Amino acid sequence: MQTNPGRPTDEYANAAPPPESDAMVGRDHLDTDGRDTREGMELQAVKVEAISHKYGQRAALTEVSLSVPTRQVFGLLGPNGGGKTTLFRILSTLLTPTRGRALINGFDVAKNRAEVRKRIGVAFQSASLDKELTVMENLRCQGHLYGLRGRALSERIDGLLQRFKLADRANERAAHLSGGLQRRIDLVKAILHRPAVVLLDEPSTGLDPSARLELTDLLKEIRDCDGATVLLTTHMMDEADHCNQLAVLDQGRLVAVGTPEDLKSNVRGDVICITAKCPEQILAKIHLSFDGSAALVDQEIRIEVENGHQMIARLMESFPGQIEAVSLAKPTLEDAFVHLTGRHWGENSETLESGR
Amino acid sequence: MNPSPSEGSLWLVARTLWYREMLRFMRQRSRIIGAVATPLIFWIVIGSGMGRSFRPVGAAEGVTYLEYALPGSLVLIVLFTSIFSTISTIEDRREGFLQSVLVAPASGASIALGKILGAASLGVMQALVFVVLLPLVGVPLTLLSAAATLASLATVSFGLAAMGFVLAWRMQSTQGFHAVMNLLLMPMWLLSGAFFPPSGASTWMSWIIQVNPLTYGVALVRHSIYLSGSDPVGLLPSATVCLLVTGIFAGSMFVVATAMTARPTTS
């Protein structure tokens, strides 16, 4: 995805960023495009460096750093209000962070918008189609916005419509299509100009389970066939499970990064959940006479322990008649989240995520 | 395989966004009817109904009120159409279309130009229907004056559309726009000499009329209609001044519109 260095264009001239006051980022690290090449050949698709963002007084992101290798489906997982949409808007050049910086293919998203915009394909939470236009008209318009035109554009559109099984819908108005189809066209829009990085904000919003599975396959295809890096935000565990790597954001902070398996392996063995009338009393006794880490989460006793089935038997004997319900499960991403934050998933979902 | 949008894409982007406005308009029939019917009714009701009760002060002999109010009605059509078309910027934002435009490598100027040209074209197209009616009320329209009239209307329309774009850009809801419409746009139009000749106004009002850019727009259209003949309403600013003011207004509004699209947000 190199730009042609032999042709000076307008953006080319704009590309050189103003001299940095920060001595860390000397200009000798920047190539002629203004791209930071300190990573050498191993360019990270996305690199977030100590980004903080405040909406007025409220901190939406605090010192978040992460890097996304190329050719991955990378998930930003977190409850609503976790800060993932803010990070998404920063990466898609719509929002300038209060502090820190983010690079896409080595280009600073705040200082080098033009270069970044050529390299990203963005799909927003709600489909950005013009409902009055047909599928084809929408796609042609999108192509023109990216400087694609004529034959090359037509061929690209036709190819993608075939691949996404939309060819027979090309002349229908977007308004007449189902949510799942609209989302698919939105994806076509996002990858039309062959971006290196595809950014998706809550792509599965409003999709039924089967459409969600289909979406997962499409994203993998975009990664494998188009060689793009897909970065998506989600608050859905099943969607997160399909990602190569996840970054867990909670209350504006990065809680953990790793593969879904890594995150789950933070949780020991099994997870037992107990509902009882007086959970505090039981919890105190468990702490005295049982192994495993037990905690009260949302009026429910939650125990992470190996060989959970044995413990359940002992628990039932120890507290006859006091336990209302008990469950045993292999750890899920949800358990991993509780383990990492000590809070239930969605507990703070009423926190505002403003700044739409 | 990277596209490298350069200067050539300014027109490509502007044209595609302009084309989108045309398509949207053609698919919303009610907009066509509304935009033509409103000024037409205005003109007929006020022009013929009230025309008998007062005569335009300073108007030349033989000029009916219906005829006097015609250039103003043309400007009103252009005002309605171009402003209502740029309100759709608010819908574009709400429905997400605008966001996908903003993350594209298209320049702010090309985005603003496409949207404004789209709105202005619609304004002129509808005014064209009206211009055809001019000979019916006894205005001796030549081909040249018809062309001049349309060119004047295009300039006025561009300026108003650019103003609508600037007003709509930061707005979250169309309700807010209606307030602007009532508080700014209608007074602007009423105090432009469109329906009341400026010569009859009180002192303070004539000041407002003199600083109102639309005054010169309406006068420019009036000059264009009576291109060759005598001025039916005396005391108009000269055609050169009108053209200058209207052109500068359109240009500066476009500059502001472009600057607004380029401004990065922090919230």
Side-chain angles (χ1 to χ4, degrees), chain A residues 1-4 7 9-12 53-56 89 92-98 110 113-134 137-138 140-149 152-153 173 186 189-190 192-196 199 354-355, chain B residues 1-32 85 88-89 91-115 118 172-173 261-267:
Chain A
M1 302 306 276
Q2 277 287 345
T3 45
N4 183 355
R7 228 183 71 211
T9 61
D10 260 354
E11 299 89 59
Y12 198 80
H53 191 77
K54 284 186 174 175
Y55 295 114
R89 292 185 67 222
S92 58
T93 72
L94 288 177
L95 187 66
T96 309
T98 317
R113 283 167 207 272
E115 293 299 327
V116 170
R117 285 174 180 172
K118 279 189 237 170
R119 288 166 176 79
I120 57 172
V122 186
F124 295 92
Q125 213 170 101
S126 58
S128 62
L129 302 170
D130 185 331
K131 309 276 194 303
E132 301 281 338
L133 303 190
T134 67
E137 286 160 353
N138 265 298
R140 292 201 71 82
C141 177
Q142 176 78 2
H144 292 155
L145 290 176
Y146 284 83
L148 301 171
R149 66 209 311 177
L153 177 59
R173 294 242 193 122
D186 221 33
K189 258 185 88 168
L192 191 62
H193 59 289
R194 300 184 171 88
L199 302 170
S354 72
Chain B
M1 291 311 279
N2 245 331
S4 43
S6 52
E7 307 90 75
S9 70
L10 175 93
W11 289 109
L12 184 66
V13 170
R15 200 187 63 199
T16 203
L17 292 178
W18 170 85
Y19 183 59
R20 169 176 175 260
E21 294 297 319
M22 299 301 115
L23 287 174
R24 284 176 66 88
F25 182 77
M26 300 307 271
R27 284 168 196 176
Q28 297 172 336
R29 291 282 147 78
S30 59
R31 275 175 69 188
I32 309 179
S85 303
S88 65
T89 309
E91 289 162 37
D92 288 348
R93 190 184 289 281
R94 209 178 41 216
E95 285 168 12
F97 179 81
L98 188 64
Q99 279 193 309
S100 72
V101 174
L102 289 179
V103 295
S107 66
S110 62
I111 297 168
L113 190 64
K115 194 83 192 171
Q172 301 297 318
S173 72
T261 55
R263 203 162 56 181
T265 57
T266 52
S267 59

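Quantities reported herein were computed from a predicted structural model and do not represent experimental measurements. Residue numbering restarts at 1 for every chain, and letters A, B, ... go by the order of the sequence lines.
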Closest-packed option against chain B by number of heavy-atom pairs under 4.5 Å, given A:Gln142, A:Arg173, A:Lys131: A:Arg173
Let's test your reading of the structure: which of B:Leu102, B:Leu17, B:Leu98 forms the most heavy-atom pairs below 4.5 Å with chain A? B:Leu102
What closest approach, in Å, do [X] and [Y] show between heavy atoms, and which atom pair accounts for it?
| X | Y | answer |
| --- | --- | --- |
| A:Glu132 | B:Arg27 | O-NH1, 2.9 Å |
| B:Ser100 | A:Ser128 | CB-OG, 3.5 Å |
| A:Cys141 | B:Phe97 | SG-CZ, 4.0 Å |
| B:Val103 | A:Ser92 | CG1-O, 3.3 Å |
| B:Glu95 | A:Ser126 | O-OG, 4.5 Å |

What pairs with A:Arg140 under side chain to side chain contact (heavy atoms under 4.5 Å, CB included), at least two apart in sequence or on another chain? A:Met136, A:His144, A:Leu153, A:Ser154, A:Ile157
Here the gap from B:Leu12 atom CG to A:Arg149 atom CZ, rounded to the nearest 0.5 Å, amounts to 4.5 Å
What residues form a salt bridge (charged side-chain N to carboxylate O under 4.0 Å, His left out) with B:Arg20, not counting sequence neighbours? A:Asp130, B:Asp92
Between A:Ala110 and chain B, which part of the residue has a heavy atom less than 4.5 Å away: side chain, backbone, both or neither? neither
Between B:Glu91 and chain A, which part of the residue has a heavy atom less than 4.5 Å away: side chain, backbone, both or neither? neither
Heavy atoms from other residues, nucleotides or ligands near CE of B:Met22 exceed 12 (cutoff 6.0 Å): yes
